[in-house]
Each structure stands twice: as structure tokens, then as C-alpha cells.
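Residue numbering restarts at 1 for every chain, and letters A, B, ... go by the order of the sequence lines.
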Protein chains: 2
Amino acid sequence: MNLKQLAQHLGISQTTVSRALNGYPEVSEATRKRVLDAAQALDYAPNARAKGLATGRAMAIGHVIPISTQHEMVNPVFGDFIAGASEAYLAAGYDLTLSMTNDDDEADNYRRLKSKGNVDGIIVHGPKMRDGRIPFLRRLGLPFVVHGRASEVDEPYSWVDVNNARSFRRATEFLLDFGHRRIALVNGLETMDFAFRRRHGYEDALTARGLAADPALMTGQEMTEPNGYADAARMLALENPPTAFLTSSVISAIGVRRAIHEAGLEMGRDVSVITHDDDLSYLRNGPDLPMFTALRSSVREAGRRAADMLLRLIAEPRETPETALLEAQLIIGASTGPAPR
Amino acid sequence: MNLKQLAQHLGISQTTVSRALNGYPEVSEATRKRVLDAAQALDYAPNARAKGLATGRAMAIGHVIPISTQHEMVNPVFGDFIAGASEAYLAAGYDLTLSMTNDDDEADNYRRLKSKGNVDGIIVHGPKMRDGRIPFLRRLGLPFVVHGRASEVDEPYSWVDVNNARSFRRATEFLLDFGHRRIALVNGLETMDFAFRRRHGYEDALTARGLAADPALMTGQEMTEPNGYADAARMLALENPPTAFLTSSVISAIGVRRAIHEAGLEMGRDVSVITHDDDLSYLRNGPDLPMFTALRSSVREAGRRAADMLLRLIAEPRETPETALLEAQLIIGASTGPAPR
DNA sequence: GCTCGGACCCGAAGCGCTTTGGACGCCCCG
DNA sequence: CGGGGCGTCCAAAGCGCTTCGGGTCCGAGC
């Protein structure tokens, strides 16, 4: 069923049918109703490709998600982020096309996406420090919003990010207030911008109290359970082990918890743990009683915000980019307590 | 830059340029080279929409992923599944478009996808028992492959699935051989087909040894950490608690492990745990020494297989559907041991 | 009574590509 | 020497939609 057939069926021109369907004023309410009813009854939906060709808009957003080449690792937050973004797309009638690339040939990917003309805008995932994609996309002229930020990129661009430095500073201060002095940081890969910011928040808090960060208590790896476990196990075996851990994801925190248990210690009493918490749907940190004290910021919400922002940007292009800085909530759970003495 | 401009630039017809780019024989090698070089230099890529309009093929695959409405939960395996599928799409030049729906209006979604004409085929996620989507898609006439199977659907269809019944039977037998008699099953939602099959595998193994499944030791919920924890905690508090757990995901298993620890018991000595393991990239079950004894079957591999199958189906439509039954590997980790006496 | 402006509708061009149905040389063979 | 065949290339139609530039009809205004 296509427009032509529908028009013939109704005995009116394609033009009128098209206008009726798209809400143009120059068609009487009577015929509009007839058209809409017929479309419904005959299960007609306009061909998206043809429509895109004619209008020049693709009605689709591209998400390019980099897969860490070393570890073939998919960031576990994508599912929830995209679920949030989808809500916005659904409401606006946009589709979502996904392309995965190993971090190397991403630029190529963007260029293709643009010249193939099947997206109107892009969400950039996993920004690194000095991320080259940002100047590149600006030159391409395709609207985009970054999930996160890229330090040391001075061009303006739109982003949605959580205040990583601030939340890790707060968490560190919280632990310091509890008397902890040996605080470990189990971070994500330091090439990632968020990890960089988190470390700075952590170090700032320490410095402000006249403490120096101990390199032996800081790691930055892919945020997996085994990595969290291994890092924590190693640190707990030190001569002067940490009494508290700060982790960058619930998954790492679970590994840390395992190491704590295996060392014969109890989390929340002997060793405290605070984690960043993306509020993933399948890793809820205890809806009732949180198992981890956490800095919570819903990545699903971030997805929604980023998508909304991008759609706005597409609808009305503007010079000055939009930005949104989300604050994480510090949620007290069972994993923290005063430093043992 | 479009075909017309490229053709003008080269001083040849659009026809010839098109043919040169698409590898048709009726163009001399000399001109083909000229065309390809120019395309490269001018960064030309054909407009996908126009190409789709002309050829009738969208060069895109749709993934419709249902979001559990009750729990707003995104299945954590999607990331890895899609990463696997993407490898196949990338190689074949296909795009991937994603749509998320709450399970209710999925049918509507498929119909739209088809009539909008922007996918050539569909991967169906999260099949339920008696899943209505399968007959529906067959009638739609759009090629599709199901990730999983749907019991009590007698029409033929293509699928890729892991042998859930068999692997849970094996796991149960393994525990029985170790002397366990009180074996709990922490399953996924029983509306999901895989959960249904797993329970049957489990029950079959028990029955074969003359044991009856105890309803108090079986649960079926969304597979989250808190759910695994709560279920295990409740069961361990029973008068006659289980000495072993069978869980449907590593995430549930982590919750179970927490409950075991909190009950003052040790996993692998006092209580055994075997889990299904999708081999997710961010939840690797110990590459070296697995923390859980597990039935491992890479969901990423499943994605690759399903995508390959679908592409084949699109290329050469056939009557008899293709199917692939993957066998999970039983991997011995630190979480199992003989039943305590 | 005639014109003029809305309200409503239509024909046809055009979006960027593929593909059908030739056209034009050139060589080879009878 | 003429014609068939092959190797190259081209013009134009068509994919399904939007939209520009009118057309027609009717009631209001002079």
C-alpha cells in the first residue's frame, strides 16, 4: 500500500492525501477525516525512505558506540542510556540507528553516516580526553550531543554529563569525615574523561585536608567484577592497607566486596565502600536498603536528557551549544562506617 | 556530493558511474578506476535512502527489544548480543536500527517497521511462551530470526537458542552427583520461554533420581542482584534450607552469593552455586579461575549467529527455516563442592 | 453584475539513486 | 565488404514521497 494507491482508492490526488496526513491546513476537515480513516483501515504508513528523500530529513538519530578493542568490552550502561533516549525518540517519531565500531575508525563511521544521509544527528558515547571526534563532528556540520565531556577540547559543543569531580570529592570528604585516611580509588580507564575527572575530585579532597594521594591505592582499568576484585585484593594485602574504597561502578564495587570478604573482613565495619551508581535497571543498588553507599545518577535519565537536547538542536539549530550538568545524589547504604582504629 | 555531481565532474553519465561503483561488468577497468579514485578523493558515499528507494532494499536490520513494563528493565545481555550481531552487519554493509517498546504494542511496531520500509529483516528478542509475535511476523512476510524459542508455537520459524533444558539438567545432575538433595532454582520470569525450559531441565533431573521439586525452592523473577539476594536469603532461612543453588544469570548469582555470606556460610563449601553465564564482557566470570561454576554460552556468539542466519535468509529466501541450538559448556569454578553432611 | 480573495484541491517536478532498453564503434568472420 | 557480436557507454523511467505553482468554485464586497 502506497500513497498513490491510497489516493486512487479515495478518488483524490496524492497531494491532498499527503497534506491530509501531515496536518496541513489547506484541506477540509471532512476529507482529512476520510483520509485518516482510510489510512488506518488499510494499514498505510508512509515509506520512510521516500519521505526522507523528499524532505531531506532522515528522522533518525545515530548512536555510535565504541567497543574497547583491547577488551572487546561493551559498556554496560548503553542499554539503559538508550532506553532513556528511546523514550524521547518515540515521542518525536524518530528512529534510532546503532553502529558499533572499534575506537579506531570511528571518524570514518561518522563521515559515512552523514554522507549516506540516514541520520539527522548523533549521540557521541564514551568521550576521551582531548577527544578528536568533537572537532571532527563540528566540521562535518552534523548536530551532535556528547554523553560526557572531553577535557582539553576548547571548542564549544553540547553535552550531558554528571558532575564527576564534585561527586567524587564529596564521597572522599564523606570518608575523611568518618576518619578514614587510607582511601583507595578503583577507577575506570584513565583515557576516559570521566575517570580523569573522578580522580581529580578524589585528589582535591585529599589535598584539601593535607593528605597526599598514594599511587599504590589508585588503579584505573575496565570496570569489571574481576578487575575490581583483583585490585582490591592486591591493596588489602599491602602492609598498610586501605580502610575504604571508592569505586567507579557498581560492578567494580561487587568485585571489591568479594575481595573484602575473602580477606576475612566485613564491608561497612572493617572496610568502607562508596561507589558511583548509574542506577542500572538490572543492578539496582537495593531499592529499599542500598547495599552500597553510592553516588547515584540515573544513566537512563541522562539518555533522555541527551536525546531531548539533540532533538531540540535539530529542530532549531543555534550557535551556542546547550549543556546539562547532572548532580549525583549521595545515598547512604550499608557499606560505610567509621574508620576502624 | 551526489552521483550527478560526481558524474559531471568526471564527464561521464550517471549510469556508468553507478555501475562502476557497484561492480557491474559493463564498464572498462580504466574508467572504473577513474571513478573509484574520484569517489575516494571527493569523499562520495551514495545516499542510503535514495539507494534504498531505487533498489527496494533497506540494507538495515531491525532489532525490536521489549522493555519489561512492570520493572522498566532492560535485559543486560542486549549490549553483547548486539555487539556480536554488529560484526555480521558491518561485514555485509547492513545498518542496525533499534526500537524499544513496552511489550504491549510490539506488534504495531513490527507493522510500522515493515510498511515504513526501513528494514529488510528483524531479530526478535526475548520470546515468551506461545509468543504471538511469531505467527504475526510470518503473516507479515518479513524475514526474521528469533533469539530463543517459543514453546507451543507450532509454525516453523528460524531461531538461535542455547539448549536451556539440557544445560540445566546437566547442572542439576552435577549437583546431585555431589550429594546435594535440596537444590534451589533461582530462575528468570516464567513468562519467558528460556525460564520455562530451564525449570523443566531442572525438574527432569530431579525426577530421574526419584526426587520431587520443592516449590519452596523455586522462584522466577527478573534477574537482578537484589532479587537473587532476597530469594536466597529467604530460602536459607527455611527450616530445611537448600545446600545448592542453580541461578539463571551471573547477576542473580552475585545476589545469591551475598545472601550466603550474610548467613555466615561459605560458598563452595557450605553452599554450592551453579549459574548460567552469558559470558558478558563486563561480567566475566573469572577468565582464569571462574568464581562460579557455570553453564557458559556466549551471547555475543549467539548474536553473531543470529545475524548471519538472518542475512542468509534475506539473501536467499527459503521455505524451511534454519535453526541453531548452541550447547552451553559446563565450567567448573570455585562455587561448587560436595554437599555438607 | 463583476471582481477578488479564500478555501480546497490538483498536476507535475524533484529528491538521488538503479536499471531497462538501446546506441555507437570496432573487430572478426564468412 | 557487410553484418553479427562484443565491449562501452548513455538517456530516461521509475522508486514513493513532498511541495511549488497554479486551477476551480463560491460567497462577499463594491
Side-chain angles (χ1 to χ4, degrees), chain A residues 1-36 38-39 42-60 93-95 111-120, chain B residues 1-36 38-39 42-60 93-95 111-120:
Chain A
M1 171 60 59
N2 60 23
L3 228 212
K4 192 170 170 183
Q5 290 165 10
L6 181 59
Q8 268 167 0
H9 174 86
L10 286 164
I12 36 182
S13 77
Q14 289 190 45
T15 308
T16 305
V17 175
S18 169
R19 285 183 166 146
L21 292 172
N22 291 304
Y24 283 80
E26 53 271 79
V27 41
S28 71
E29 278 315 310
T31 43
R32 186 189 306 281
K33 181 158 177 6
R34 267 188 70 213
V35 171
L36 288 176
L42 299 174
D43 199 25
Y44 167 79
N47 180 297
R49 285 192 306 267
K51 192 163 183 161
L53 234 205
T55 57
R57 281 170 309 142
M59 295 304 283
Y94 274 73
D95 288 332
R111 200 177 310 122
R112 289 225 105 51
L113 270 181
K114 152 131 200 193
S115 56
K116 288 205 304 182
N118 40 17
V119 301
D120 297 322
Chain B
M1 172 59 58
N2 59 24
L3 227 213
K4 192 169 170 186
Q5 290 165 10
L6 182 59
Q8 268 166 1
H9 174 86
L10 286 164
I12 35 182
S13 77
Q14 289 189 46
T15 309
T16 306
V17 175
S18 171
R19 284 184 168 147
L21 291 173
N22 292 306
Y24 284 80
E26 53 271 82
V27 40
S28 73
E29 276 316 311
T31 44
R32 186 190 304 280
K33 181 157 177 5
R34 266 187 71 215
V35 170
L36 288 175
L42 299 175
D43 198 26
Y44 167 80
N47 180 298
R49 286 192 306 267
K51 193 162 183 165
L53 235 204
T55 57
R57 281 170 309 143
M59 295 304 281
Y94 274 73
D95 287 332
R111 200 176 313 121
R112 290 225 104 51
L113 270 181
K114 153 134 199 194
S115 56
K116 289 206 302 182
N118 40 16
V119 303
D120 296 323

Colleague: Mapping B:L53 and B:I12 to their closest nucleotides on DNA chain D, which lands nearer the 5' end?
Modeller: B:I12
Colleague: Take B:A54 and B:T31, find for each the nucleotide of DNA chain D with the closest heavy atom, and name the residue whose nucleotide sits nearer the 5' end.
Modeller: B:T31
Colleague: Between A:M1 (CE) and D:dC17 (C1'), how many Å, whole number?
Modeller: 15 Å
Colleague: Would you name the heavy atoms of A:L3 and A:Q14 that are closest together and state the gap between them?
Modeller: CD1-OE1, 3.8 Å
Colleague: Quickly work out the A:K51 NZ to C:dG16 P distance and round it to whole Å.
Modeller: 18 Å
Colleague: Starting at atom CG of B:L6, determine the distance to atom P of C:dT18, rounded to an integer number of angstrom.
Modeller: 11 Å
Colleague: Can you tell me the distance, in whole Å, between the CG atom of A:L3 and the C1' atom of C:dG11?
Modeller: 14 Å
Colleague: So what does B:R19 hit on the nucleic acid, given a heavy-atom distance under 4.0 Å: a base, only sugar-phosphate, or nothing?
Modeller: base
Colleague: Quick check for you: to the nearest 0.5 Å, what is the distance between A:N47 atom CG and A:K51 atom NZ?
Modeller: 10.0 Å
Colleague: For D:dT18, does either OP1 or OP2 sit under 4.0 Å from a side-chain N or O belonging to A:S18?
Modeller: yes
Colleague: Distance check needed: D:dC15 C1' versus B:N118 CG, whole Å only.
Modeller: 15 Å
Colleague: Return no unless some side-chain N or O of B:K4 is found under 4.0 Å from OP1 or OP2 of C:dC17.
Modeller: no
Colleague: Could you pick out which residue, B:A45 or B:E26, lies toward the 5' side of DNA chain C when each is mapped onto its nearest nucleotide?
Modeller: B:A45
Colleague: So does B:Y24 get a backbone contact from the side chain of B:R32, meaning a donor-acceptor N/O pair under 3.5 Å?
Modeller: yes
Colleague: It should be established whether A:N22 places a side-chain nitrogen or oxygen under 4.0 Å from OP1 or OP2 of nucleotide D:dT18.
Modeller: yes
Colleague: So which one's nearest nucleotide on DNA chain C is more toward 5', B:R49 or B:Y24?
Modeller: B:R49
Colleague: Taking all heavy atoms of A:A39 and all of A:L21, pick out the closest pair and write down the distance.
Modeller: CB-CD2, 4.1 Å
Colleague: Is the phosphate of D:dC10 approached by B:T16 (side-chain N or O, under 4.0 Å from OP1 or OP2)?
Modeller: yes
Colleague: Can you check the A:R57 CZ to D:dC17 P distance for me, whole Å?
Modeller: 16 Å
Colleague: Send over the distance from A:M59 CE to D:dC17 P, rounded to a whole Å.
Modeller: 15 Å
Colleague: Would you say the side chain of B:T15 and the base of C:dT19 hold a donor-acceptor pair, judged only by whether the two atoms sit under 3.5 Å apart?
Modeller: yes
Colleague: What's the closest nucleotide to the A:Q14 side chain, out of C:dT18, C:dC9, D:dT18?
Modeller: D:dT18
Colleague: For residues A:L10 and A:A38, report the shortest heavy-atom separation together with the two atoms involved.
Modeller: CD2-CB, 3.8 Å
Colleague: According to a strict under-4.0 Å criterion, is A:N2 in side-chain N/O contact with OP1 or OP2 of D:dG16?
Modeller: yes
Colleague: Whole Å only: how far is the NZ atom of A:K33 from the P atom of C:dC8?
Modeller: 17 Å
Colleague: Contact class for A:T55 (heavy atom, under 4.0 Å): base, sugar-phosphate, or nothing?
Modeller: sugar-phosphate
Colleague: Carefully, step by step, assess A:V35 and A:V27 under the rule side-chain contact (heavy atoms from CB on, under 4.5 Å).
Modeller: CA-CA 11 Å; A:V35 171; A:V27 41; over 6 Å; no
